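Below, chains carry the letters A, B, ... as their sequence lines are ordered, and counting in each starts from 1. Values in this document were obtained by computation on a predicted structure and should not be read as measured data.
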There are 2 protein chains.
Amino acid sequence: MRRHYITIKDIARELDISVSTVSRALRDAYDVNPKTREKVLAKAMELHYKPNFNAIGLVQSQTHHIGVLMPAITNYYFSTVFTGIEQVANAHGYNLIVFITNDSAEREQAILNDLSQSSLDGLLVSVSSRADSQAHFEELIRNGIPVVFFDRVADAVLTSKVMQDDYHGAFEATQHLIDQGYRRIAHLAGPAGLTFTQKRRKGYEDALENSGLSVQSDWIIHSGFSQECGFDDVTQLWKLAEKPDALFAVNDRKAIGAMLALKERNIRIGKEVGVIGFTNDPMAQIISPTLTTVAEPAFDIGKLSCELLLKHISRKNFEAQDVILPARLIVRESTRR
Amino acid sequence: MRRHYITIKDIARELDISVSTVSRALRDAYDVNPKTREKVLAKAMELHYKPNFNAIGLVQSQTHHIGVLMPAITNYYFSTVFTGIEQVANAHGYNLIVFITNDSAEREQAILNDLSQSSLDGLLVSVSSRADSQAHFEELIRNGIPVVFFDRVADAVLTSKVMQDDYHGAFEATQHLIDQGYRRIAHLAGPAGLTFTQKRRKGYEDALENSGLSVQSDWIIHSGFSQECGFDDVTQLWKLAEKPDALFAVNDRKAIGAMLALKERNIRIGKEVGVIGFTNDPMAQIISPTLTTVAEPAFDIGKLSCELLLKHISRKNFEAQDVILPARLIVRESTRR
DNA sequence: TTGCTTTTCGGTAACGTTCTCGCTACTTTA
DNA sequence: TAAAGTAGCGAGAACGTTACCGAAAAGCAA
């Protein structure tokens, strides 16, 4: 198990200088002779020296590791956010440690519990649907590990949060349906506990009321995010006496599930029933008819979250701030009459 | 920057015993009194003690970190493989550090170059299209960091590799097209340098020859993996005097791009031109007509790769082995006449 | 030359663990 | 009862690096 690597001691011995000098030369401190530094650098290259991050981390009590805790990575949104995170983390010399909760509350708690404060400089989080891990996050922050939330935020925790404009996105989506002449608009909502499902629902309800349309509770169904959920929601809605003539889904996968259910009933999407999603998953352009949606700036959310986290890491007492990025309506065939 | 955490010294002092005993109690070594251990465990819980992985890693020269190096994570295949990896890594107490190359040779080299042997116990790799990083991998292995390849393997490096049965999958796909009566079968191949594009091409060619059909070089186009590439390939093919009546694409995204191009030309997919992909991306079931494809066992590839790597890590001199998982033909509408 | 500042370097303690060795006190064996 | 074994614990070194402090060497002004 034990391996021996090249250390700064080896370099020091070969050059007949002290480890202190080698150490300083390597991270070019001011008080080292340029010539000495050259020699050290050359020797380090020659011996294929690589720093030992455990030792550095131990003495500096920092690791250059950032944790990323998310419900999943197998979907467009999260994988794109992650790519954004990766880009800035990498540019700043930070490594990413990924934790996937599979949207399980137990899993999230377990991960947070095992999390040693010594292994992470900061944490980026999108919470799972049900877990209340607030205490865990607060303990981390208290111990000096900054936490930044993205997308699925824990409202009560006092720290920075990055999200898209869920309320206005939902408002615009609903308004668009109204503008297209749809009047009986249902909402396929997400899990009730999540902040953004509440915001999107509020945007939907406000848009309806703003146009003098009433909010009907049996046209609002809360369920999961999957395609199957969307399918099932339509099945449920179509048992109603008065059926909707438009659907606003909390995300694209669900909208697509709904479309498949409508297709099965030979309902002409767009003409008879309008459908609109949220995310702008590439699938939205693949399905036929193409899906109108509200585009989320996933990549930028990742970038910004990571940048904010890095600020929290470098400057302690960096003030927590909420960032809300605009969401953009993209009109396609599924809402064209 | 400096933070103070609870250490085993704190526990030792409070309990008035030595750090050695606390250390042994915590990782339940055999030579510690059960009563002492209980006291230590209770105190550790009370003080919210969390081990310092830098210190442990330093003394044991291992980190419990596994690196995952991939071209991308924003697609079905890689994100699913990753989920498989995550599952077994987590079950064994290993953390995952993710590196995304964006299929850039420079990026891959840079990452490999920065990679300190001290920060990783092992590495899981899917190489980028063009980079020849063979020397880097061999240096890692020589330094005692096991490497396991998945999907996009570096043939020349002597270590374990996990992949799907590209050859037979491609053979079966092509055979299926032939069975359906298509005769002028083109192949939208991947980047030429990759092992699996060569295998899939070989499977395609052998199936043709096996049925007495000739291989036409202008019906084989090598390009990237994106949807746009598939679209462009069709554009190029349809300039030919003799146009194909079926397309075998190296992956689903490319097949979908091709379908879009065919749709633009009002060509009836299936009836006039058959299309088959590779992967079984969820999109294949969303697009219309639904896409026939060869399903890759992405999740299992992730699981197995990680399990193999763990074996390499724990038992040194564990013999390298190649694992080839079966690929499965899934017939849908795009090849139905 | 003397005295002072600046540059450059070395010695040593720390960081939080594990590991190896050895010691004590108790138990077993003959 | 003596010898031998065993259970339980502690002391101290080690892992590779940085941080801190002080000292030597070099430069400079008078």
Side-chain angles (χ1 to χ4, degrees), chain A residues 1-41 43-44 47-64 93 116-121 143-144, chain B residues 1-41 43-44 47-65 116-121 143-144:
Chain A
M1 193 88 299
R2 264 238 121 71
R3 306 184 278 251
H4 181 71
Y5 299 125
I6 305 296
T7 73
I8 59 172
K9 287 184 187 170
D10 298 317
I11 299 179
R13 188 166 9 83
E14 294 226 3
L15 256 32
D16 201 32
I17 54 178
S18 77
V19 287
S20 321
T21 306
V22 176
S23 172
R24 262 167 303 172
L26 250 20
R27 62 204 145 89
D28 49 28
Y30 64 102
D31 57 347
V32 55
N33 191 312
K35 274 191 238 165
T36 315
R37 177 181 316 139
E38 282 314 311
K39 281 197 297 183
V40 170
L41 258 33
K43 184 59 81 178
L47 299 180
H48 288 105
Y49 166 77
K50 302 282 172 68
N52 183 312
F53 290 127
N54 281 320
I56 297 174
L58 181 58
V59 66
Q60 304 195 135
S61 68
Q62 59 160 325
T63 61
H64 272 238
S116 159
Q117 51 264 63
S118 63
S119 64
L120 248 40
D121 288 352
N143 284 331
Chain B
M1 192 88 296
R2 261 237 123 74
R3 305 184 278 251
H4 180 71
Y5 299 124
I6 305 297
T7 73
I8 58 172
K9 287 185 188 170
D10 298 318
I11 300 179
R13 187 167 9 84
E14 293 228 1
L15 257 33
D16 201 31
I17 55 179
S18 75
V19 284
S20 320
T21 306
V22 175
S23 172
R24 261 167 305 178
L26 250 21
R27 62 206 143 88
D28 49 30
Y30 64 101
D31 56 348
V32 55
N33 191 312
K35 273 191 238 164
T36 314
R37 178 182 315 143
E38 282 313 312
K39 280 196 298 181
V40 170
L41 258 34
K43 185 57 82 178
L47 299 180
H48 288 103
Y49 167 77
K50 301 283 172 66
N52 183 311
F53 290 129
N54 281 320
I56 299 174
L58 182 57
V59 66
Q60 301 193 139
S61 69
Q62 59 159 326
T63 61
H64 272 239
H65 287 336
S116 159
Q117 49 266 62
S118 63
S119 64
L120 248 40
D121 288 353
N143 284 331

Where the side chain of B/Pro34 is concerned, which of D/dG8, C/dC9, C/dG16 is the nearest nucleotide?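 Output: D/dG8.
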Hydrogens and angles aside, do B/Thr21 and B/Ser18 bring a side-chain donor and acceptor to less than 3.5 Å of each other?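 Yes, a side-chain donor-acceptor pair sits under 3.5 Å.
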For the residue pair B/Ser23 / B/Arg27, report whether a side-chain donor-acceptor contact shorter than 3.5 Å exists.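 Side-chain D/A pair, B/Arg27 to B/Ser23: present.
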Hey, is the side chain of [X] poking within less than 4.0 Å of OP1 or OP2 on [N], counting only N and O atoms?
X	N	answer
B/Ser23	C/dC19	no
A/Tyr5	D/dT17	no
A/Arg27	D/dA19	yes
A/Ser18	C/dC9	no

Hey, does B/Tyr49 reach any base, or is it just sugar-phosphate, or nothing, if we go heavy atoms under 4.0 Å?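 Here B/Tyr49 touches the backbone only, sparing every base.
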Within the structure shown, what part of the strands sits under 4.0 Å from B/Ile8 by heavy-atom distance: base, sugar-phosphate, or nothing?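 Base contact - B/Ile8 has a heavy atom under 4.0 Å of at least one base atom.
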Could you give the [atom1]-to-[atom2] distance, from [X] to [N], as a whole number of Å?
X	N	atom1	atom2	result
B/Ile17	D/dG10	CD1	C1'	11 Å
A/Lys9	C/dG11	NZ	C1'	13 Å
B/Leu15	D/dG8	CG	C1'	15 Å
A/Arg13	C/dG11	CZ	P	15 Å
B/Gln60	C/dT20	CD	C1'	14 Å
B/Lys50	C/dG16	NZ	P	16 Å
B/Leu26	C/dT17	CG	P	8 Å
B/Arg24	C/dG22	CZ	C1'	12 Å

Using a distance-only criterion (donor-acceptor N/O pair, under 3.5 Å, no hydrogens), is the base of [N] paired with the side chain of [X]?
X	N	result
B/Asp31	D/dC9	yes
B/Arg37	D/dG8	no
A/Ser20	C/dG11	yes

Nearest-nucleotide wise, let me know which of B/Thr21 and B/Ala55 is further upstream toward the 5' end of DNA chain D.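 Its nearest nucleotide lies further toward 5', so the answer is B/Thr21.
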Toward the 5' end of DNA chain C, by each residue's nearest nucleotide, A/Val19 or B/Asn52: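 Looking at the nearest nucleotide for each, A/Val19 comes out on the 5' side.
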If you define the side chain from C-beta out and look only at heavy atoms, does anything of B/His64 sit under 4.5 Å from B/Ile56?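 Result no, sub-4.5 Å side-chain heavy-atom pair not found.
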Can you check whether B/Asn54 reaches A/Phe53 side chain to side chain, under 4.5 Å on heavy atoms?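 Side-chain contact under 4.5 Å: no.
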Measuring from A/Arg24:CZ to A/Ile17:CD1, what's the distance to the nearest 0.5 Å?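 Those atoms lie 9.5 Å apart.
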